[in-house]
Amino acid sequence: MVNAIHIISAALGAAFLLGVLKEEQRRTAYAITLAAFAFMTAVSAGWLWAFVMEGAAPVEILTAGGTPPFVINLRMALPEAALTLLANLTGLLSAIYLKEALFAHGRRAMAVLLIAVMALSGIILTRDIFNLFVFFELTAIATGGLILLSENDCSLSAGFKYLIVSQMISVFLLIGIIFAYHATGTLNIDGLATAAHDLLQGNNQAALGLKLAFFLMFIAVVAELKPFPANGWALDIYESAHPAFSAIFSAATASAFLYATDKLLFIGGPDWYPIATGIGIVTFVVSNLLALPQTNDRRQLGYSSIAQTGLVLLVLGQRDILGEATAFIAFGLLLSHAVAKAGLYWLSGLVAERELTAWAALRERPLLVFAFVTFIAMLSGLPPFPGFYAKWELVHLLAGADRLVLIALILLGALVEAGYLFRWFGYIIKREAPAEAAACTTHKLTAVVVAAAAGWALGFLWGDLAGTSFGRGNLLLALPLLFALGFVLFDWLPAWVKNTVAIAGMLAFFGLTYTEYDPLRLIFAIIILIGGPIILLASYHAHGRRIGFYPAAMLMYAGLAMLIRATDSFGFFAAWELLTVGSYFLILRGKNSEPHALSYIVFSLGGAFLILTGFALAAANVVSPAPTFALASLSQLEQPAAPWIFVLLAIGFMTKTAAIGLHIWLPGAHGEAETDVSPMVSGILLKAGLYGLFVLLMTMGKQQLYGIELTHALLWIGALSALLGNLMAIFEEDAKRLLAYSSIGQMGYAVFGLALMNHLGWLMALMFVINHYIYKSMLFLSAGGVAKRTGTRDMYKMGGLITLMPLSFIATLIGIIAVSGVPPLSGFGGRWIFYNAILTTDTRLPLIIIFLAGPIAFLYLFRLIHTIFLGQLKDEHRRIKEAPFWIILPQMIFVALLMVFAVVPGLALRHVDHYLNQFFPEGGLNWTSGTITSNYGYWDPIAIMIIGGVIFMTLFMWLLFVNRKAQKVKQFNIVFSAERPYRPETTHFAWNFFASYRKALGFLVQPFVTRFWGAVTDTLHTGADLARRLYNGNGQTYALHMLAFVSIIYWIYFIGVGI
Amino acid sequence: MDYIAMTTGFILILIGLFGALTNRNILRMIVAFTVADTGVNLVIVGVGYMRGRTAPILDSAVAAADAVARIIDPVPQALVLTAIVIGVGVTALMLAYAYKLYEKKHTLDIAKFTELKW
Amino acid sequence: MVSRFFVLLLLTGVGAIFVSLMFGYVPDNALNLTARYYAENTVRDTGAANIVAAIVVTFRGLDTLGEVTVLFLTAAIVGLVLAGSQQGRLRREQPAPGELLVTGTRLLVPLTLLLGVYVFVNGHLTPGGGFQGGAILASAVLMLLLADPLREFSHQLISAIESISGLVFVAIGLLGMVYAGGFLDNRILPLGTLGDLISAGAIPVIYSFIGLKVGAEFSSMMVNLSETEEP
Amino acid sequence: MSTIFIIMSLLLCGAMIVAGLMAVWPGRNLPIVILASGLVSLLASVQFLLLAAPDVAMTEAAIGSGLTTFLFFFVLNRVRKGTHHG
């Protein structure tokens, strides 16, 4: 192996060599620079390879032929190899990226860049505290120089602010070092640690001196991590410096300083862990909050960088409970942050304007969008990236030690961060692109692409590590996920090819796996893996390549498939996050869906975090904790933790079923989605939440919290969701939103059924799972087809389409018959089981509410037929045609399915009914050929079908007979007088159709919930906006912050701890 | 004497920090920081001092054999050498910045350079 | 003024830290572990009479390498910062420097240079060394600048001296890895007799190049600062 | 002997603090301020001699008080001329 000191000697040699060159020989100078960086990178990479692959032992590098502590020594071990590789690689890529700037500024700038990166390696490698100081100063000065590479004039003042602060830091550091040396007689870090450990045994004068000395060193190093509030200078640097430098500053510098902090914590010992944790968590949460109202991209990234550094500091401070896993977690978070932040800063150099919305310039370049997605997914800790595995272990270990407040704060910060990152992504996809598209040269692109590739590679590596160390699966080896990711690579193919592959793939996967499901899961598997392809048939109508659709859709389906196949909590949660992200991308594709997609992802991630916490608590409380905690062992949980876990998980799952209170994202998200996406997210995705509830109730059953039966609470939530969802639907003018609100109601029924906690209730919930998939998919497709043809979704703008779009009409008609539960269609089966089921409960009030919800459903469903297909045809719609074939085809399949299912419900339900016997032996149904018997009565689907059919035909014939002489009235056969109304639609009979009901029931549909969540976001924004005035831009104030920070920590530690 | 040097050093540090935080003129801030730097150096050398011993240089007066009993701790001195040079480096850099800032706005008032904030 | 009061308050806090630091300070009666080693073994290991010099150049040579790099960096950055401001020298009439100054300079510059060289060449024996000698060299350049503010200095030459000295420093360090015990080990040359000018292995060589380098760097900073165009 | 040293060093330190205060006291003109800070360094270098640190004393004298002061004056010169012109 090449001695690691050559990282330093090569950089210095090259830097000095540059001085010999003439100012004009820039090309040569640049070549030398790149060669030096490449060499440095190769040395680090070689060591990393040796440590990882060959299991090499850590190496001490001695200088001057002596032994430490008398000479300075460096150490090369696994962490050092990884971190120097990170630093040098970032340096190399930034040097490539900076080509123009470096040519403009000449060899001196190149030398400064080389030395800056070398100094970072020095910080990482050195084991001598004063040597650390020297490298600190080198870093600080080089930073002062590199800031000047920026084209932004303000960088000058930012650099000066940094120099002021670094002067203060070096004063504290030096004083600390000399007193530590005096107390221990050594400058060697390992020696200091040993000496400190011995000295601190006694509580004498010298120990006090050492503690103070350590305090000064520690605070100086931590100050370089930009802790809140002493970090205004760093934000200014991030905002104004050249993006390539910010990439180094964020990725490499922060990592090196974190490692230096780790070395200091090694000296100081566990006494200092709480302080590190405190600084870390405050910085993490506050910085993320402050980033919320930010509109400048680089400054926002700066806030995010600071936050991430705080998070890693927190991890270092939790070493006492994280133990062996510390490195896995800290590196997972750190590398995710570093790669993503470097990539994002490099990307920001391709965007001309500094407004976040200007990033829409990237939209035309799928490669860049993909890179961006990779980066924000890494930052948000989504699977399959290292941050995800790290977050999982972190939360689990914290939960094991009962540090729940910390978990809550971490997840709050993470949620806020995900919020503004995804908001940003929404801008890219949805905002108007500026005139000039992203300008990228090959070398700039190289840096971004390498970062994105590194992100995926790290994801694989971390999955592998998680597998070997913690017994979790490597997500990147999961077949469904690989299949979905394949679409990213082949996104250049025409849409129909991808569609075919997608359908074939899903069906094939079902074929491969269908023997593995139990009857309950089989139903979900069929809906996802067969139902999915049926909806995908509608996607054949799309032309062109439809970039981005298939990766997103397949990611969602992959997540769903993995969800129902998951047997342990990790697999379940990973799948949950995957399907959440996939569906978010899908939803975002809708024309006006930017805000709705954002609220969807925020609610979903919030819910996911609750689930994560729930699982973590469960893992800590399972009677016999296993390396992998099987979902089934949820049933072993006992008081007092069990009900809390139940609550966390239930709320988490109900964010997906859009239970009332958590529903505000649904109408927009489902309503604004594309024609073939709405059925996917409504018909299939919502079932994920129900599946979660099934799993939860199957394992945990009834739980009591403060004397409240939690399933009763669920019962109420279900009933209220049903009532209010239906009520909100009836006042809706927009056909797709109406259907969306209706989903809230339908899911309410299903939750209600589940919460009944008996055989029939569950059967009913399953009926709803199946039925809702069929009829909601069908109705959404139908409404989507109509909207496609008419160009509007407002129902009062339609009318009389029955003759022009007869197939859509039939689908809608069948659909609403099925939804409303009128015989003969399968909805009735659902109702029948439903009525049987609710009769088994003895809670009266929710029962009444859910009864009430029934007729209300009929009111809004009626409008679909009445307003869209009946009535007068609008003039502008005279020439429209039936919806495209590919949109009609799945609808017809659904019609057939409904018929079949209505006649032989036993096909699906019979096995489940038997299966449910193991949970509820009582109250099952009796399936004899043709008829189904319950305790309360019997149901003969075939007879009902026949009777229903006869009645329908009779009525239909009679209607034709009485209508044969009816006179047709032309639409304009009305005499208008007076003025043209200001809002013409108000004169339409179908507008505000249920206004009279609104008078009576309107108070129930006031958007209280929307206002509540709106108020929450507003408060966060306003608070953050006020708080960030702290950073008034004055270098002196920042210095004051630094001093205040030092004093506060001093008082907290020495007074609070009371030495 | 070590206490005298240390106390003076600490006082100089405080004076320097006070000056850097209250003077709005950039050049004065830099001057104040050099005062603080000198204070730091004084503290470091003060910490290394031992009563009744001589400088760590071996010559006719101090033979190599009894150096252990005669000389003071050489390490802080070596550290201060480095610290002084680094200090002057930072000072020069800050001065160059000060000049450039002045060139940009024709003022040396730090409170005028607050374009970046929030 | 609120702000000044606040500053005083915070500084009181910092002062409290310092006071308790002094309170925790226990004077040593004997050399501690590290210092003892240096006192006992410097001669054996390095052959230098000036223990501080031995520490600076050898034992903590990496610090010193960092230190000259700091100066190198600073000189480079000062050059970078002021690059935009050096659009040619002002050629306006300036009062000619006094005869005394010019003559004095002519006399003193060679002497100063000699003194500087003496200081760093003897660094391993007497107080002083590369940094002090370098600063003295730079003061010669300073005198020239004062005597004739419009004098053209060859940036190329300064930069070449600076860089080549730096390269030699690194190269000697690397030679230490090949021929002696490690990076910057001075025993690549014979240690000689204690007290001789040619002794202490590579220390005088390194210190000389440090002196040249430091002199060049300080000169470069000053020349750059003095050559800036007036705003 | 050592009493004389202590008295000298006390005097030096007093002088240093006075010079230091002069260097940061608001209102004094810049050349004085710069010279005062150079004086602090110079006095410190004498103090270093007393503290048996000749190497440090030389360095502080040459670099801390000498070169730094000149660097300050170079910049001050530019800035002041600028003020007169502008």
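Just so we're on the same page: letters track the sequence lines, and every chain starts at 1.
Nearest heavy atom pair, residue C:Tyr25 against residue B:Tyr49, reads OH-O, 4.4 Å. Contact record, B:Ala78 with C:Ile55: CB-CG2, 3.6 Å, taken as the closest heavy-atom pair. Closest heavy-atom contact between C:Leu82 and B:Ala96: CD2-O, 4.3 Å. Annotation for C:Thr74 and B:Gly89: closest pair CG2-O, 2.9 Å, computed over non-hydrogen atoms. The two residues B:Ala92 and C:Val78 have their closest heavy-atom pair at O-CG2, 4.1 Å. Nearest heavy atom pair, residue B:Leu58 against residue C:Ala48, reads CD1-O, 4.4 Å.
Ranked by heavy-atom pairs shorter than 4.5 Å toward chain C, the options B:Leu95, B:Leu17, B:Val47 are led by B:Val47. Put simply, of C:Leu21, C:Asn29, C:Leu125, the one with the most heavy-atom pairs under 4.5 Å next to chain B is C:Asn29. Note on B:Val85, B:Ile71, B:Leu93: by heavy-atom pairs under 4.5 Å with chain C, the leading option is B:Val85. When C:Val70, C:Val214, C:Ile77, C:Val52 are compared by the number of non-hydrogen pairs under 4.5 Å with chain B, C:Val52 comes out ahead.
For C:Glu217, no part sits under 4.5 Å from any heavy atom of chain B, backbone or side chain. Contacts between B:Asp2 and chain C at a heavy-atom distance below 4.5 Å involve the side chain alone, from C-beta outward. If you measure heavy-atom distances from B:Leu79 to chain C, the contacts under 4.5 Å come from the side chain alone. Using a 4.5 Å cut-off between heavy atoms, B:Val43 does not touch chain C at all. For C:Leu11, the parts lying near chain B are the backbone and the side chain together; criterion is any non-hydrogen pair under 4.5 Å. Using a 4.5 Å cut-off between heavy atoms, B:Ile13 touches chain C through its side chain atoms alone. Contact of C:Met221 with chain B is made through the side chain alone, with heavy-atom distances under 4.5 Å. Of the atoms belonging to C:Phe218, it is side-chain heavy atoms, and not backbone ones, that fall under 4.5 Å from chain B.
Residues C:Leu31 and B:Arg53 form a side-chain contact, since some pair of their non-hydrogen atoms from C-beta on lies under 4.5 Å apart. Using a 4.5 Å cut-off on side-chain heavy atoms (C-beta onward), B:Tyr3 and C:Pro27 make contact. Side-chain contact check for C:Arg4 versus B:Phe18: some heavy-atom pair is nearer than 4.5 Å. Proximity of B:Asp73 to C:Tyr38: side-chain heavy atoms (C-beta onward) are nowhere separated by under 4.5 Å. Using a 4.5 Å cut-off on side-chain heavy atoms (C-beta onward), B:Thr82 and C:Val56 make no contact.
Heavy-atom contacts from other residues, nucleotides or ligands closer than 6.0 Å to CZ of B:Phe10 number more than 12.
Considering CD of C:Glu67 and CD1 of B:Ile84, their distance stands at 9.5 Å, rounded to 0.5 Å.
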- Steps toward side chain to side chain contact (heavy atoms under 4.5 Å, CB included) verdict (C:Val81, B:Tyr99): CA-CA 9 Å; C:Val81 173; B:Tyr99 175 74; over 6 Å; no
